[in-house]
Amino acid sequence: MAPVTRRTSFPKVVIERDSDSEQSSSDEEQEEDETLEEEQEQEEENGVIENAKIEKLEVGFDANRKGKTPITLTLRKVCKVCKKPGHEAGFKGATYIDCPMKPCFLCKIPGHTTLNCPHRVTTEHGVVPAPRRKTSKPLEYVFERQLRHAIPTIKPKYMIPDQVNCAVIRYHSRRVTTLEFHPTKNNILLSGDKKGQLGVWDFEKVHEKVVYGNIHSCIVNNMRFNPTNDCMVYSASSDGTVSCTDLETGISSSPMNLNPDGWQGPNTRKMLYGMDINYEKGLVLVADSFGFLHLVDMRSNHRNGDAVLIHKKGSKVTGIHCNPIQPDILLTCGNDHYARIWDMRRLEAGSSLCSLEHNRVVNSAYFSPISGNKILTTSQDNRLRIWDSIFGNMESPSREIVHSHDFNRHLTPFKAEWDPKDPSESLAVVGRYISENFNGTALHPIDFIDTSTGQLVAEVMDPNITTISPVNKLHPRDDILATGSSRSLFIWKPKERSEPVEEKDERKIVVCGKAEKKRGRKKVDNSDESDDDGFISKLKKPKLKQTEWKLSRCSKKDNR
DNA sequence: AACCTATGAGACC
DNA sequence: TGGTCTCCCTAGGT
C-alpha cells in the first residue's frame, strides 16, 4: 500500500481564532505540525501506524464569518492515557497494552511497561530483599531467646484452594465488600455489600442462603462475630453505624450511630471502616473516616468513653486489628499513609508505640494470626510490606513485595490476608488487579504469596470468573478460600480434596438475579431446589483444560 | 454497541 | 487548608 502522509489523510478541523493571536497560534501550530510529522515518519519507519488507524474526519467552519482567519488542526488517533499520538493504550484482545509514556502500572517506576516489568517476570514477583540491619535492640534479643523457637521454621506443604467448588452468582445486588467465616459452623460464610446488605450462606448446602437488607444503608466495611455469642455479629458501615445483628432472625440494633441526624452532606458524614473486637475487655473497636477510634461495650451494647484521634485528623482509618496474643496491642492503618501500633491501656492521641510509614494509603494491616509477631500491610503503592518481628527494628519493613493491587474508586480496596492455618505464618492471599491473557480471556488471578520469600506460590483463577476479586478470606480451619468478586461469591477447595458434587467435575452454582439470562447461562428446571429470587444451574465445565490452568507452586527445596 | 455512572484519592493552586 | 479537576486493566445497566 502506498505510504500515506499525515497531511493528506488525517482529519482536519478548522476552528476560529482571534486575529490578534493568529500569528502566534499559527506558529505554534506549525511547530506542532512538524513534531507530528517527525513522529509520523518515525512511526511509518517502524510500521507502527497503518492506514486503517487513521480516522477520516473533515470539519469545516465558515472561514469568512466575522472576518476571522481560520486555522487548521489535524486530528489523529491518540493514546487515551497520555493523549499523545503514535501509540494506543488499552486492551488488544485480552492483553492490556500500557501507555509507554507513563510509569509502569505494576511497580510504578518509569522507563518500562507492565509487559516487561522485572517484577512481573521474576519468580519472586518483585520482592525487595530485607536490608541488613543490626539486631542489637534488647527486645529483639528477647525475641530471639524466648520466642523464636516457638515459630516453626519448616514450612508445611501449602494446600492451595485452587478449584471453584461452589458459588452464588449475583447473590448480592451490589459488589461484595467484606467476608467473614462463622467462628464455629464451618460451612457458614457471611458477606457484606456496598448497598449495606448482609448475606448468610451455607456453602455446603449451596442454595441455603439469606440476605438481610435493612441493616445498613450503605457499604458494610467490616464484620466481627461476638466472641461470647456466635449468633450475633457486629458490622461497621459507611452509614456511620455499628450494627449488632442476630443471624437467625436478621433483627439488628445499632449500639453506635455517628450520624444521628441522617444525611447532612458528604463533608460532615462520618463513615466507619476498620473494626475489631478486644475479647478480653469485651469491647468493639471501630474507627471512622475522620481519624478517630470509638469503643462499644459489648455487655451494655453502648458507646464506651470518648473518641480518640489515632490517625491524621480528617483522614480515614481503614483498618484495626487486635493482636491475637495480646489483644491490648492494636494495629491501625489509614489514609494518612501510616500503620500504627498502640497499647489500649494508655490510649490517647499521639501515644502510638510505633508508626510504620508507607508511600500511599494503607488499605490493611494485620498481625500474623498465631504469634501476632509479624505484620503484613497492603498499600496503594502496589506493595505488600512485611515486618518480621514487632520486637525488632520497625524502622523499615523486612520485605517489600511488588504486587498489582491498585486503587480504583469502583473496586473494594484490596487487602492481603494471612492464612490463619499456616504455622510458619508465611502464606498470604491477595487478589490481583492486572489481568493475564489466558487463552484469549483476560482473567484476574488470586495470588498466594509466601511472604517470607516474596515468592508467588500460586495464582488461582477460573475462566468463569472474569471480574476482579479484591475480597478474599481463608477459612480458619479448613483448606477453603472464599472470594467476593463483584456481586458473586465463590468457594475454592484444593483440587486434591474437592469432593465430587453429584457429577464429576461439575461445580454447584446458585445463580441469583436477572442479569444472568443476559449472559446466556442456561436456565434449568429447579422447582425443588430454587428459592424465590434465583435458580440453580450447573456451570459448564471449564473452557480450559485443567492442565492449562495456571498454577505454580514453589518447589520443596525452596522451603527451608 | 455505545454510552452512563457510582465514587475515592491525589495533584494543584 | 479547601475547592476543583483529573484519573490506566470496573461492572452493570440502559
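Letters A, B, ... are given to chains in the order of the sequence lines, protein chains preceding strands, and every chain is numbered from 1. These numbers come from a predicted model, not from an experiment.
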Undergrad: Within this structure, what is the NZ-to-P distance between A:Lys80 and B:dA2, rounded to whole angstrom?
TA: 14 Å
Undergrad: Could you tell me whether A:Ile434 contacts a base, only the sugar-phosphate backbone, or nothing, with contacts defined as non-hydrogen atoms closer than 4.0 Å?
TA: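 Base contact.
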Undergrad: In Å, rounded to the nearest 0.5 Å, how long is the span from OG of A:Ser486 to CD1 of A:Ile465?
TA: 11.5 Å
Undergrad: Figure out the CZ/C1' separation between A:Phe290 and C:dG2, and round it to whole Å.
TA: 13 Å
Undergrad: What's the gap between B:dA11 and C:dC9 when it is taken at their C1' atoms, as a whole Å value?
TA: 23 Å
Undergrad: Return the value, rounded to whole Å, for the distance between atom NZ of A:Lys195 and atom C1' of B:dT7.
TA: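 Computing the A:Lys195:NZ to B:dT7:C1' distance gives 17 Å.
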Undergrad: Using whole Å, report how far NZ of A:Lys102 lies from P of C:dC7.
TA: 7 Å
Undergrad: Taking all non-hydrogen atoms of both residues, which atom of A:Arg175 and which atom of A:Arg487 are closest, and how far apart?
TA: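 Here A:Arg175 and A:Arg487 meet closest at N-CG, 4.0 Å.
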Undergrad: Quick one: on DNA chain C, does A:Val81 or A:Lys312 contact a more 5' nucleotide (nearest heavy atom)?
TA: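 Its nearest nucleotide lies further toward 5', so the answer is A:Lys312.
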Undergrad: Take atom NZ of A:Lys312 as the centre, draw a 6.0 Å sphere, and report whether it contains more than 12 heavy atoms from other residues, nucleotides or ligands.
TA: no
Undergrad: Looking at every heavy atom in both A:His444 and A:Ser435, which two are closest together, and how far apart are they?
TA: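 Nearest pair, atom of A:His444 first, then A:Ser435: CE1-CB, 3.6 Å.
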Undergrad: When all nucleic acid strands are considered with a 4.0 Å heavy-atom cut-off, which category describes A:Pro470: base, sugar-phosphate, or nothing?
TA: nothing
Undergrad: Starting at the 5' end of nucleotides 8-13 of chain B, put B wherever the base has a protein heavy atom under 4.0 Å, S where only the sugar-phosphate does, and a dash everywhere else.
TA: BSS---
Undergrad: NZ of A:Lys313 versus C1' of C:dT1: gap in Å, rounded?
TA: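 In whole Å, C:dT1 C1' and A:Lys313 NZ are 13 Å from each other.
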Undergrad: How close or far is atom P of C:dC9 from atom CG of A:Asp406, stated in whole angstroms?
TA: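 Computing the A:Asp406:CG to C:dC9:P distance gives 9 Å.
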Undergrad: Can you give me the closest heavy-atom contact between A:Trp342 and A:Glu348, atom names plus distance?
TA: CZ3-O, 3.5 Å
Undergrad: Can you find a donor-acceptor N/O pair under 3.5 angstrom joining the side chain of A:His410 to the base of B:dA6?
TA: yes
Undergrad: In whole Å, I'd like the distance from the NZ atom of A:Lys194 to the C1' atom of C:dG13.
TA: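 Checked: the NZ to C1' distance equals 13 Å.
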Undergrad: Given C:dG12, is OP1 or OP2 found less than 4.0 Å from the side-chain N or O atoms of A:Ser486?
TA: yes
Undergrad: Nearest 0.5 Å, what's the CG-CG distance between A:Leu258 and A:Asp239?
TA: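 Spacing of CG (A:Leu258) from CG (A:Asp239) equals 9.5 Å.
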Undergrad: To the nearest Å, give me how far apart CZ (A:Arg487) and C1' (C:dT10) are.
TA: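 The distance from CZ of A:Arg487 to C1' of C:dT10 comes to 14 Å, rounded to the nearest Å.
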Undergrad: Evaluate the salt bridge (Lys or Arg N to Asp or Glu O under 4.0 Å) criterion for residues A:Glu88 and A:Lys92: first the C-alpha distance (whole Å), next the side-chain angles of each, then the deciding distance (0.1 Å), finally the verdict.
TA: CA-CA 10 Å; A:Glu88 282 180 75; A:Lys92 285 267 185 303; 5.4 Å; no
